[in-house]
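Reviewing the structure listed below.
Proteins get letters first, then strands, A, B, ... in listed order; numbering begins at 1 in each.
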Amino acid sequence: MADAVLFEFLHTEMVAELWARDPDPGPGGQKMNLSVLEGMGFRVGQALGERLPREMLAFREELDVLKFLCKDLWVAVFQKQMDSLRTNHQGTYVLQDNSFPLLIRMASGLQYLEEAPKFLAFTCGLLRGTLSTLGVKSLVTASVAALPTCKFQVVIQKS
Amino acid sequence: MSRPAHRRPEYRKINKDLFVLTYGALVAQLCKDYEKDEDVNKYLDKMGYGIGTRLVEDFLARSCVRRCHSYSEIIDIIAQVAFKMYLGITPSVTCNNSGRSEFSLILDKNPLVEFVEELPAGRSSLCYCNLLCGIIRGALEMVHLAADVTFLQDRLKGDSVTEIGITFLKKLDEKKYRRKK
């Protein structure tokens, strides 16, 4: 079956490719590339959400959805669970991964901090897309203090 | 003890879908960015090449392939071990010339197109799976073999099968290969 490593290699290549077209995009340009990656992740997340077995999706409340992302989705996609989930119980959740697989290949620590957002954009979209299919509108951003630890912030949008 | 979580069947399916869906999103994005099919094909091949040069290390680390002494042994390993390992399929192999340097992989099933019924409108020359050609080419180059890899037939274009042609360009230098360990 398609090994997880195929996705990782493809993701790395996509990040490199979208940047290679405009090696020095400047602040506006960089946002465009990040949003392209995020948009792709969103579409994939939506499609993945549609393919999840229905039994997995009996959620009683919003927190259950986030727990599902941290456990089941993360394991299915990254072969590990999210390391911590915190919330202010008012619609903001912080998901922390202490060794995020898409960052692991980069040196740990502070060396490639500037590059890190490029490797997180797709996954932010993936989370947003999966949530969307599960009926939850959200804004997802990510931050890195030191590789390979990263935090995904999910802010639920009330319609 | 139950199996490790990520090996459960429902998770493996999600993982496989993830690659296929991401690939689809990539092709869609490239189609948005490039008007000409040849440009999309070229970029898919280039990206595949980049992946192939790194994938081969991963492959060699996971498999216990013995050293090959002929192109046909190499093709057999690509078809029966590598394709099986990464895509879960085993293409059949044919040799197309008496010099035994031109081969075809016939893909009966192709997981990359699982969610694709037909090529997008106006994209009749798109080689949807061109990433695969680049991957094979890049991987072979890392083991010092130059090859041309292209799609000879494509079910998405109306052909009856999907066929990847691999033509080795340089004679395999056996003495050099042995010394390289």
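- Hydrophobic clustering (ILVMFWY, side-chain heavy atoms < 4.5 Å, transitive): B:L132 and B:F103 are in one cluster.
- Crowding of A:Q157 atom CD: a count of heavy atoms from other residues, nucleotides or ligands under 6.0 Å exceeding 12.
- Contacts between B:I89 and chain A at a heavy-atom distance below 4.5 Å are absent for every atom of the residue.
- Considering only heavy atoms from C-beta on, B:R54 comes within 4.5 Å of A:T12 through its side chain.
- Crowding of A:K151 atom NZ: a count of heavy atoms from other residues, nucleotides or ligands under 6.0 Å not exceeding 12.
- Side chains of B:N15 and A:Q79 form a contact here, defined as non-hydrogen atoms less than 4.5 Å apart.
- In this structure the side chain of A:V36 never reaches within 4.5 angstrom of the side chain of B:D33, judged on heavy atoms.
- Using a 4.5 Å heavy-atom threshold, the side chains of A:D72 and B:I14 count as separate.
- No continuous path of ILVMFWY side-chain contacts below 4.5 Å connects B:Y49 to B:V40, so the two sit in separate hydrophobic clusters.
- The number of heavy-atom neighbours closer than 6.0 Å to CD of B:E57, taken from other residues, nucleotides and ligands shown, is 12 or below.
- No side-chain heavy atom of A:H11 sits under 4.5 Å from any side-chain heavy atom of B:T22.
- Atoms OH and CG, from B:Y86 and A:L6 in turn, are 7.0 Å apart once rounded to the nearest 0.5 Å.
- B:I164 is not connected to B:L152 by any chain of hydrophobic side-chain contacts under 4.5 Å among Ile, Leu, Val, Met, Phe, Trp and Tyr, and they are in different clusters.
- Linking Ile, Leu, Val, Met, Phe, Trp and Tyr residues whenever their side-chain heavy atoms come within less than 4.5 Å leaves B:V161 and B:I136 in two separate clusters.
- In this structure, the portions of B:Y23 lying under 4.5 Å from any heavy atom of chain A include both its backbone and its side chain.
- Counting heavy atoms from C-beta on, the side chains of A:V5 and B:R62 come closer than 4.5 Å.
- Most heavy-atom pairs under 4.5 Å with chain B: of the set A:R43, A:R51, A:E8, A:M14, this distinction falls to A:R51.
- The closest side-chain heavy-atom distance from A:V44 to B:D17 is not below 4.5 Å.
- Side-chain contact between B:I135 and A:F9 is absent, with no heavy atoms from C-beta onward closer than 4.5 Å.
- Taking hydrophobic clusters as Ile, Leu, Val, Met, Phe, Trp and Tyr residues chained together by side-chain heavy-atom distances below 4.5 Å, B:Y34 shares a cluster with A:L37.
- Here the straight-line distance linking atom CD of A:E13 with atom CG of B:L44 works out to 11.0 Å at 0.5 Å rounding.
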